[in-house]
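Just below is one structure, and these are the notes that go with it.
Indexing begins at 1, ligand by ligand and atom by atom, following the structure's order.
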Amino acid sequence: MTKIVESWVTFRKEPLRESFSTSLRSVNELTIVEFHIKTDAGHEVFGETVETPAITGDTLNQIVLDLSTTLAEALIGSDFEGASSFFYKHLNNKLATRSAKSAVDIALYELEAAIQGKSLKQVLDCSVSDIDTDITVPLTSIDEIPQILADRQEFSCFKIKLGIDSLQTQIAKIALLRDISGAHARIRVDPNQAWSVEESIEFLKAADRLSLNIEYLEQPISASNKSGLARIRSQSSTKIMADESILTVEDLEELLSLDAVDLVNIKIIKSGGITPALEIIERAKAFGMEFSVGTMMEGDKGILAAFAIAGAQKPDYCHDLDAAWWASNSGFTYSAGKVSL
Ligand SMILES: [Mg+2]
C-alpha cells in the first residue's frame, strides 16, 4: 500500500484586485500556505489554506506549526487507503487548527485523485463546469455603492457586507442596492456578527416595510449566540443563515434543535477539511436544512475544492464562490453570474 513519506510547507502571495472589507477585517493580499506531500510511489501533491484569525481564531504561525509538527507526524509512514478514511483514522482526533487540517485534507483528496488518475473535481463527483455564485459588495460608504455595482455587472446575486451604522444608513444602502440592481436581483445581507438581536430584528422589520426583498440575513450576531439567531428568526419571515456559528456537526445539531436558522454556509477551512465539510452537508441534507458552499478569501486550490463540493452536492443553487473574482490572477472566470473553470 502507498505510504506518505515526506511533507513540507511553502507559501505564495496573491494580491487582490481591490480591498475586501467586512465588519471583521480588511484584506489586500493573501498569504497562501501550501502543504505538500510525497508518497513512496512518487506521487507529489499539495493542499492549501489561509489564515482567517478573525473567523477561525487560527493564526498563520499556529497553522504552520501544526502542519510541520503534529500533522506531519500523523502522516509520515502511514498507509494511505483513501482520503476520508485516512482523515478519520489519523487526523480527526489530532489537536491542531482546523485551518491546518483543511490544507492536509485537500492534499489527501489530491493524492486520492492522483492515485486514481482523476482530477480533484472527479474524485469529489463534480461533473459541472460552471456554478451560480453571488458576488460580495464589501463594507463601504453608501457613496461608493454605485461604482462597486458598476464593476460587478456580470452578477445578479449580491452579498452585501454591513457593519456598525445607523439603521437608517443600513436600510439606505440596501434600498440603493435594490434600486440599482433591479427587482429580480438577489440580495443577501451579511453583517459578520456586528449586530445585536434587537438591531437585527429592527433591520428586518424596516426592510420588510420597504419591500426590499432580502433573500437571507447571514450571521448578524455573535457566533456563540445561537439562541439569538432563533429569536431573530421567530420575528421575521426573512430567512436566517448561520456562517461563523457553524464549524462542526455539533453546531449544526444545536442550530437544528433551536430551530435557529433556515440555511447554513459551509466552508472547508472552518470545517477543518473536505471530509468534515461533507459530513456536515450530509447531516444537513438528512435534516432538510438548506445549505450553501462558500470559501474564505483564499487561493485557487481551496476554491476548486469548494467548487467541486458545491457542484457535486447542490449544482443548481447560487453558492458563495466569488473569492477567485477578487484575485489578480486566477484560473477561474466569471460571467453571467457564474463561476467556471
Ligand atoms: Mg459570511
Residue [X] atom name (nearest to the Mg ion (ligand 1); N/O/S):
X	result
E218	OE2
D190	OD2
D243	OD2

For the pair [X] and [Y], name the ring-plane relationship: parallel under 30°, tilted 30 to 60°, perpendicular over 60°.
X	Y	answer
W8	H36	parallel
H90	F86	tilted
F155	Y334	tilted

Donor on one side chain, acceptor on other, S245 and Q219, under 3.5 Å: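 Indeed, the side chains of S245 and Q219 share at least one donor-acceptor pair under 3.5 Å.
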
The Mg ion (ligand 1) to D320: any N/O/S contact under 2.8 Å?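 D320 does not place any N, O or S atom closer than 2.8 Å to the Mg ion (ligand 1).
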
Under 2.8 Å from the Mg ion (ligand 1), can any N, O or S atom of E244 be found?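 Given the 2.8 Å cut-off, E244 does not count as a ligand of the Mg ion (ligand 1).
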
How long is the gap from OG on S292 to CG on D320, to the nearest 0.5 Å?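 Rounded to the nearest 0.5 Å, the OG-CG separation comes to 5.5 Å.
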
